[in-house]
Amino acid sequence: MCFRDAAVRLRAQTIWSGVSLEVAPGEFVAVVGPNGAGKSTLIKAILGVHALSHGEASVLGLPPGQAGRRIGYLPQRRSFDASLRVRGVDIVRLGLDGNRWGTPLPVADRFRGSRRRDRERVAEVLELVGATSYATRPIGQTSGGEQQRLLIAQALVHDPELLLLDEPLDSLDLPNQAAIAAVISGICRDRGITVLIVAHDVNPILSYLDRVVYLARGRALSGPPSEVITSETLSQLYGTPIEVLHTSDGGLVVVGHPEAPAHHSDRHTGRTHERP
Ligand code: ADP
Ligand code: MG
C-alpha cells in the first residue's frame, strides 16, 4: 500500500496533506495521533470512502475503493445495547452475508456458496480470535473485549489481505488491550495479513510494530517506531516540546503529548495553515 503526497479535503477543509506512506505486505502498522487529527479519515481514504484531493494512492495494487473484500475493516467503536439479542456468531456471519452493513447480497448469491463452508469459516475465525466459548451468547451480554474480538472475527471472515482496524483497543482495560493486541499481531504474523491499526496509545502494540504513522496538525510522519517516536521528531510534528521517555520494561512515555483538550486549538490553527 502506498500514499504519495496525499491530501484529503472535507467540506472545504484540508484534514491533512503531504502524506506519503509506504506499507509492505505483512507489515503491522499503527496510526497514532490526537483526536480529530484525521486517523479515521486516513482509513477511509484507504477504503476509497474519501477521495484524495491531491496526490496518489495505491491499495493492494489498485486505486482506493477497488480492492473490495480483499480488505477487512473494523469501523471505529460502536457499542452494542445490553438488550441486543443477536449472538456473536451471527455478527461474524453478517460479514459473509453482507458486502457492507445493511446491504445483504441478493438471495441467489447467498445460496450459491455452501452453507456448511460458511459455517466452517465462521468457526475458524472465531477460534482464531479466541471467541468460540462465548460466540453463542447474545452480544449485548458480552464484555467490551469479547465484543471487540467478535468484530475483529467479522472483519477477518473473508480472509482479507489487508486489515484496517479503527481504534480496536479503545475503551478496553489494560489487560484486554494487551490481549487483543497480541491476537491482532498473531493474525498479522501467522497469516501474513497486512494490519493498519488506529491507536490512541502506542504502548500496548509497540513491541509488535513494524511501522508507525503519526498524524498531527494536518501532517504525517511515518517510519519505524525507533525513528518516529523520538523527542525530536514528535516535537517537530506537534510544534510543541515533547519528551519521549523509555521505561525499564520497554515501554514509552510521551510527555507533553497534545492529547489533552487544551491542545486541541493547536490542530485547528495547524490545519488551516497552507503548507509550504
Ligand atoms: P480522528 O479519527 O483522528 O479522531 P477524524 O479523521 O475522525 O479524526 O476527523 C478529522 C477531522 O475531519 C475532524 O475535524 C472531523 O470533524 C473532520 N471530519 C471527519 N469526517 C468528516 C466528514 N465526513 N465531513 C467533514 N468533516 C469531517
Ligand atoms: Mg477516529
Side-chain angles (χ1 to χ4, degrees), residues 1 3 5-21 23 29-55 57 59 64-65 71-79 100-102 144 147-148 151-152 154-155 162-172 177 180-181 184 195-205 209 211-222 225 228-229 233-234 237-240 242 254 256-275:
M1 191 191 76
F3 272 56
D5 197 21
V8 166
R9 276 176 84 76
L10 298 174
R11 295 204 196 118
Q13 188 172 35
T14 299
I15 306 301
W16 35 251
S17 61
V19 172
S20 293
L21 169 66
V23 176
V29 183
V31 180
V32 186
N35 270 326
K39 303 181 295 297
S40 296
T41 302
L42 178 62
I43 298 291
K44 287 174 186 165
I46 294 168
L47 287 166
V49 172
H50 294 321
L52 298 185
S53 57
H54 189 270
V59 178
I71 300 179
Y73 171 47
L74 172 58
Q76 194 161 356
R77 179 136 186 96
R78 298 150 304 182
S79 57
R100 275 162 190 264
W101 281 94
Q147 290 177 7
Q148 218 47 288
L151 290 170
I152 291 168
Q154 188 197 47
L162 172 63
L163 188 58
L164 305 174
L165 304 170
D166 200 343
E167 308 229 17
L169 307 182
D170 202 29
S171 73
L172 298 181
Q177 286 189 16
I180 304 270
I184 297 165
V195 175
L196 243 86
I197 173 173
V198 176
H200 240 85
D201 177 9
V202 79
N203 275 306
I205 47 176
L209 286 183
R211 185 178 303 274
V212 62
V213 182
Y214 260 84
L215 279 171
R217 302 197 305 155
R219 306 194 48 186
L221 266 180
S222 99
V228 175
I229 313 176
T233 52
L234 290 188
L237 178 69
Y238 286 116
T240 180
I242 304 279
V254 180
H257 202 253
E259 262 322 272
H263 290 271
H264 273 200
S265 56
D266 292 353
R267 79 181 155 83
H268 286 297
T269 50
R271 202 168 55 219
T272 51
H273 283 318
E274 283 303 313
R275 288 181 30 68

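Source: prediction; values computed, not measured. One-based numbering, in listed order, for ligands and for the atoms of each.
Side-chain atoms of R217 come within 3.5 Å of backbone N or O of L237 as a donor-acceptor pair. A distance-only check finds no donor-acceptor pair linking the side chain of W16 to the backbone of A37 [under 3.5 Å]. Under the 3.5 Å distance criterion, the side-chain polar atoms of S20 are matched with a main-chain donor or acceptor of D5. Here the side chain of S53 pairs a donor or acceptor atom with the backbone of A7 at under 3.5 angstrom. Remark: the backbone N or O of P34 is paired with a side-chain donor or acceptor of K39 at under 3.5 angstrom.
Backbone and side-chain nitrogen or oxygen atoms of Q76 are examined, and none is located within less than 3.5 angstrom of a nitrogen or oxygen of ligand 1. In terms of N/O distances under 3.5 Å, ligand 1 is approached by S40. Considering both main-chain and side-chain atoms, L10 never comes within under 3.5 Å of ligand 1 through any nitrogen or oxygen pair. No N or O atom of Q13 sits closer than 3.5 Å to an N or O atom of ligand 1.
With sequence neighbours left out, the side chain to side chain donor-acceptor pair (under 3.5 Å) criterion links Q177 to no other residue. Qualifying side chain to side chain donor-acceptor pair (under 3.5 Å) partners for T233, counting only residues two or more places apart in sequence or in other chains: T230. The side chain to side chain donor-acceptor pair (under 3.5 Å) search around S40 returns Q76, D166, not counting sequence neighbours.
When every heavy atom of V202 is checked against every heavy atom of V32, the shortest pair comes out as CG2-CG2, 4.1 Å. Between L169 and I205 the shortest heavy-atom distance is CD1-CG2, 4.1 Å. Across all non-hydrogen atoms, the minimal contact from L74 to P168 is CD2-CB, 4.0 Å.
Remark: distances from the non-hydrogen atoms of G38 to ligand 1 include one below 4.0 Å.
Atoms of ligand 1 found under 4.0 Å from any heavy atom of N35 (numbered from 1 in listed order, with element): 4 (O). Applying the 4.0 Å criterion to heavy atoms of P34 picks out, from ligand 1, the atoms 3 (O). Residue T41 approaches ligand 1 through these ligand atoms, each under 4.0 Å from one of its heavy atoms: 5 (P), 6 (O), 9 (O), 10 (C).
Residue contacts with ligand 1, taken as heavy atom pairs separated by less than 4.0 Å, involve I15 solely via side-chain atoms from C-beta onward. Residue contacts with ligand 1, taken as heavy atom pairs separated by less than 4.0 Å, involve R11 solely via side-chain atoms from C-beta onward.
Taking distances strictly below 2.8 Å, the protein N/O/S atoms close to the Mg ion (ligand 2) are S40 OG, Q76 OE1.
Of all the listed residues (G33, G36, G218, A12), G36 holds the heavy atom that lies closest to atom 1 (P) of ligand 1.
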